[in-house]
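The sequence lines fix the lettering, A, B, ..., with proteins before strands; numbering per chain opens at 1. None of the values given here were measured: they were computed from a predicted structure.
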There are 2 protein chains.
Amino acid sequence: MKPILPEGHLAAWRRYYPSFWRILAAIEADLAAAGLPSLSWYDALYELYLAPGRHLRMNELARSALLSRSGLTRLVDKLEKEKLIERQACPSDGRVQHAQLTDKGVEQLRKMWPVYRAGIAKYFAAHLTDAEAAQLEKSLGKVATAMEPPREAGD
Amino acid sequence: MKPILPEGHLAAWRRYYPSFWRILAAIEADLAAAGLPSLSWYDALYELYLAPGRHLRMNELARSALLSRSGLTRLVDKLEKEKLIERQACPSDGRVQHAQLTDKGVEQLRKMWPVYRAGIAKYFAAHLTDAEAAQLEKSLGKVATAMEPPREAGD
DNA sequence: GGAAGTTAGTTGCATACACAACTAATTTTA
DNA sequence: TAAAATTAGTTGTGTATGCAACTAACTTCC
């Protein structure tokens, strides 16, 4: 097996990988220090916030929030207990549950965003020029798009 | 709180974040499918491989391998049980343990690398031109360098 | 040199997550 | 329409990880 992995690309990966982990840990620490829940809560709430009607099926939410379905079930349990979302049975398909963002959920997003934004600014954006950010967005956009539909069947 | 986070930088973050998670999940799946251990094993073994004498203190290894000290202790337990590393008491300081890479550990790295490399190539590098990879390396290098010493005391 | 403080590593405990097995509901097939 | 296959979500179980508390060893300070 000899895949095409030029030195320069490997060097990029060797920056990409640890930078992400360290930024993530720093942001999580900031959230925890502010008495706020973790980024996985934010991700799920934010995906619902973006969705039309502010609701998604569990399956869709799992995909957007980068979780397995079982992981999503547990996360939704916690979010529902905090009344940040509500489970709603789908009238047209008895198997489907919708996760519906509540006003309290929107409020939680508003509380978390300043801390999250500050973390992105401090740990990530502060080190990039406008041009670099634009270039990064373009390059990683291609990567992200390619990975987007995490189907199991071969491409 | 109004940190400097221009739109373009936020857009870059919104690509960076999910692209990383998805690539990581794909690579981990490939490793598991090949009957190999996870990336955290690779990271730890590789850091030891790079270190002079192929050994590091637990503390140093925890930092390089992006783990908490307790997490590292548990990981080293497992690596040692597989004889991929050995714990060695430091002669000059009785508190210190060194993790020493064994030949079997080097062998494990050699088994994992082709799968890991193929994942990097397929999920990451394939979508980037040489110029983009170079630019990414430079930009994320600045980010990574800034995050590098994860000290707890305020900057 | 001995008490107090610091440092390195480990262990107890709690949490977050994935995979596989399960249940229930829908769709397909004959 | 009844059986088989598929799909959505949940639950059982195992694993990885972090934080806080702990132990042991070194350093500092008087």
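The aromatic rings of A:Y46 and A:Y49 sit parallel to each other, their planes meeting at less than 30°, with 60° as the upper class boundary. Between B:F124 and A:W13, the ring-plane angle classifies as perpendicular under the 30° and 60° cut-offs.
Atom CG in B:L67 sits roughly 11 Å away from atom P in D:dA16 (whole-Å rounding). As a whole-Å value, the separation of A:L61 CG from D:dA8 P is 14 Å. In this structure, B:R87 atom CZ and C:dG9 atom P are separated by 10 Å, rounded to whole Å. For the pair A:E60 CD and D:dT7 P, the computed distance is 15 Å after rounding to whole Å. The nearest whole Å value for the distance from the CG atom in A:L66 to the P atom in C:dA16 is 17 Å. One atom, CG of A:L24, and another, P of C:dC17, lie 11 Å apart when rounded to the nearest Å. Between A:N59 atom CG and C:dA25 atom C1' the separation is 14 Å, expressed in whole Å. Straight-line distance from the NZ atom of A:K81 to the C1' atom of C:dT15: 13 Å, rounded to whole Å.
Between the side chains of B:Y116 and B:D30, no donor N or O sits under 3.5 Å from an acceptor N or O. When only modelled atom types and interatomic distance are considered, B:Q135 and B:S139 share a side-chain donor-acceptor pair under 3.5 Å.
In this structure a side-chain-to-backbone donor-acceptor pair under 3.5 Å is present from A:H9 to B:L128. A:T102 contributes a side-chain N or O that, together with a main-chain N or O of A:K83, makes up a donor-acceptor pair within less than 3.5 Å.
B:D77 and B:R87 are joined by a salt bridge, as a carboxylate oxygen and a charged side-chain nitrogen come within less than 4.0 angstrom of each other. With salt bridges taken as basic N to acidic carboxylate O contacts below 4.0 Å, one links A:E132 and B:K138.
Interface residues of residues 89-98 of chain A facing DNA chain D, ordered by number: A:R95, A:V96, A:Q97; criterion, heavy-atom separation under 4.0 Å. A heavy-atom distance below 4.0 Å to DNA chain D is reached by these residues of residues 73-80 of chain A, ordered by number: A:T73, A:R74.
The local environment of NZ in A:K104 is crowded, with over 12 non-hydrogen atoms from other residues, nucleotides or ligands closer than 6.0 Å.
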**Asked** Could you go step by step and tell me if B:Y16 and A:S19 meet the side chain to side chain donor-acceptor pair (under 3.5 Å) rule?
**Response** CA-CA 11 Å; B:Y16 180 61; A:S19 65; 2.7 Å; yes
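Taking only distance into account, the side chain of A:S70 meets the base of C:dC19 through a donor-acceptor pair shorter than 3.5 Å.
The distance from atom CE of A:M147 to atom CG of A:L140, rounded to the nearest 0.5 Å, is 12.5 Å.
Neither OP1 nor OP2 of C:dC17 sits under 4.0 Å from any side-chain N or O of A:R69.
Within 4.0 Å of A:S38, counting heavy atoms only, lies no atom of the nucleic acid at all.
Summary for the helix from C:dG1-D:dC30 to C:dA30-D:dT1: the axes at its two ends, each from 5 pairs, differ by 10° when rounded to the nearest 10 degrees.
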